[in-house]
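Counting starts at 1 for both ligands and their atoms, following the listed order.
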Amino acid sequence: MLKVILVASGKGGTGKTSLTAGVGAALAANGHRVLVIDGDCGLRNLDIVLGMSDRVVYSFADVAGGMVQLADAMARHPVYETLYLLTAPVRLPALSERGMDQLAKQAEQAGFDYLIIDGPAGLPAEMSFLAHIATQAIIVTATDRACVRGAERCARTIEQEYCIQRIRMVLNRVRPRLISRGRSGNIDDAMDEAGLPLLGIVPEDEDLIACGNSGTSIIAAKKHGAARAYQNIARRLDGERVPLMKI
Ligand SMILES: Nc1ncnc2c1ncn2[C@@H]1O[C@H](COP(=O)(O)OP(=O)(O)OP(=O)(O)O)[C@@H](O)[C@H]1O
């Protein structure tokens with residue numbers, strides 16, 4: 001059965017796109033059929049991080065609006081054959097819940113196991129349409145208190161307004177040295193402040209920045225650091241019990 005996962009955050013730039021690309025590639029590398037959608041209307045960049053800018057023509061809004069079928073609109077990843085991308089429209093489109101339902105239905109009929117939506121930061125108007133089809137959410141946050149507070153607010157709204165019950169948190173850009181010196185919030189404090197179960201932690205990893213710029217998959221490039229963290233998260237999404245990585 002198709003799992004539809006919304007990746008969201010309170011603040012911008014917390015690592016949603018990097019996580020969507022990394023976890024999507026990890027799930028595909030583990031044999032799943034994965035459709036990733038860039039939900040950041042007007043500010044799309046998942047195609048760049050996936051190295052697929054030259055492959056995208058249609059957006060998810062074209063499919064939801066009935067202008068094109070999913071099978072004709074989605075683009076296949078150059079390395080992972082079971083990973084597909086549907087990009088975001090360049091302008092904010094008129095969306096409908098019915099259109100989004102049709103999109104999810106087509107994804108299910110096409111045999112996808114996962115549909116991962118790289119959502120916009122915060123809670124703009126289009127969020128309600130993206131959240132409408134989601135059955136679970138991942139909130140991505142840094143460990144600093146302001147960011148965690150934003151994550152908590154975002155999670156609460158997603159739960160109350162869009163009725164998504166399964167919401168988990170990923171702590172990104174975790175820097176153990178700063179934590180041990182007391183200069184960065186620690187993992188327990190972040191969990192207490194957000195009141196959310198932890199799906200995973202991703203260490204600060206400068207290779208991510210280089211990979212994102214060149215469109216190289218971090219999963220293909222290395223086995224440790226953020227790549228390992230994304231692999232662990234993919235396995236947990238799949239129901240495996242995987243201990244938190246030591247960083
Ligand atoms: N664990 C990490 N270590 C180092 N850099 C990271 C990490 N995660 C993300 N980044 C970098 O942070 C920047 C923002 O990440 P990303 O684009 O994934 O965030 P976003 O939440 O999707 O942003 P937006 O809210 O603007 O859509 C990028 O340059 C990315 O390479």
Side-chain angles (χ1 to χ4, degrees), residues 5-26 36-53 59-60 85-90 92 116-127 130-131 137-144 146-151 153-155 157-158 168-179 184-185 187 190 194 198-234 244-247:
I5 303 169
L6 174 67
V7 182
S9 69
K11 286 190 152 209
T14 59
K16 297 177 293 298
T17 302
S18 308
L19 178 121
T20 303
V23 172
V36 290
I37 292 184
D38 192 336
D40 216 347
C41 303
L43 290 168
R44 68 186 191 191
N45 60 354
L46 184 55
D47 56 316
I48 296 175
V49 174
L50 286 170
M52 297 177 68
S53 301
S59 75
F60 79 84
L85 166 68
L86 205 46
T87 194
V90 283
L92 193 61
I116 307 178
I117 304 167
D118 175 20
L123 298 157
E126 66 270 31
M127 188 58 126
L130 300 168
I138 300 172
I139 310 288
V140 185
T141 177
T143 52
D144 61 273
C147 201
V148 175
R149 181 180 290 173
R153 296 264 156 84
C154 178
T157 307
I158 284 176
R168 287 175 285 181
M169 175 173 72
V170 168
L171 286 174
N172 188 30
R173 307 195 81 152
V174 174
R175 280 166 287 188
R177 267 198 216 147
L178 289 192
I179 292 176
S184 166
I187 292 162
L198 192 61
L199 177 64
I201 51 176
V202 183
E204 174 77 22
D205 185 340
E206 62 185 34
D207 289 335
L208 254 186
I209 301 166
C211 282
N213 279 322
S214 65
T216 307
S217 170
I218 188 94
I219 298 294
K222 61 193 274 193
K223 297 275 172 271
H224 57 284
R228 170 98 182 278
Y230 294 147
Q231 274 286 4
N232 287 350
I233 290 168
L244 275 187
M245 67 190 276
K246 292 208 170 21
I247 53 170

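Scanning all protein heavy atoms for the shortest distance to atom 4 (C) of ligand 1 gives D205 O, 3.2 Å. Remark: minimum distance from atom 14 (C) of ligand 1 to any protein heavy atom is reached at G13 O, 3.8 Å. Atom 19 (O) of ligand 1 has as its closest protein heavy atom G15 N, 3.0 Å. When hydrogens are left out, the protein atom nearest atom 21 (O) of ligand 1 is K16 NZ, 2.7 Å; that is the closest non-hydrogen contact. The closest protein non-hydrogen atom to atom 13 (C) of ligand 1 is R173 NH1, 4.3 Å. When hydrogens are left out, the protein atom nearest atom 28 (C) of ligand 1 is S18 OG, 4.7 Å; that is the closest non-hydrogen contact. In terms of protein heavy-atom proximity, atom 29 (O) of ligand 1 is nearest to I209 CG1, 4.4 Å. Residue, atom and distance of the protein heavy atom nearest to atom 7 (C) of ligand 1 are L208 CD1, 3.3 Å.
Taking only nitrogen or oxygen atoms, main chain and side chain alike, D118 does not reach within less than 3.5 Å of ligand 1. In terms of N/O distances under 3.5 Å, ligand 1 is approached by N172. Where the criterion is an N or O separation shorter than 3.5 Å, residue side chain and backbone included, V202 fails it with respect to ligand 1. Not one N or O of K11 is nearer than 3.5 Å to an N or O of ligand 1, by distance alone. Residue-to-ligand polar distances place T14 within reach of ligand 1: an N/O pair is separated by less than 3.5 Å.
When side chains are defined from C-beta on, D205 counts as touching K222, because their heavy atoms get closer than 4.5 Å. Residues I158 and I139 meet the side-chain proximity criterion, which asks for heavy atoms closer than 4.5 Å. Using a 4.5 Å cut-off on side-chain heavy atoms (C-beta onward), P203 and R228 make no contact. I5 is not listed as a side-chain neighbour of V23, based on a closest heavy-atom distance of 4.5 Å or more. A 4.5 Å side-chain heavy-atom check between V36 and L50 finds at least one atom pair inside the cut-off. Here the side chains of P120 and L130 are in contact, with some heavy-atom distance below 4.5 Å. Proximity of N172 to T14: side-chain heavy atoms (C-beta onward) are nowhere separated by under 4.5 Å.
Proximity of D40 to ligand 1, defined as any heavy-atom pair under 4.0 Å, is confined to the side chain (atoms from C-beta onward).
In summary, the side chains of D38 and T87 do not present any donor paired with an acceptor at a separation below 3.5 Å, with no hydrogens or angles considered.
With hydrogens and angles ignored, the 3.5 Å screen pairs a side-chain donor or acceptor of D144 with a backbone N or O of C147.
Heavy atoms of P203 approach ligand 1 to within less than 4.0 angstrom.
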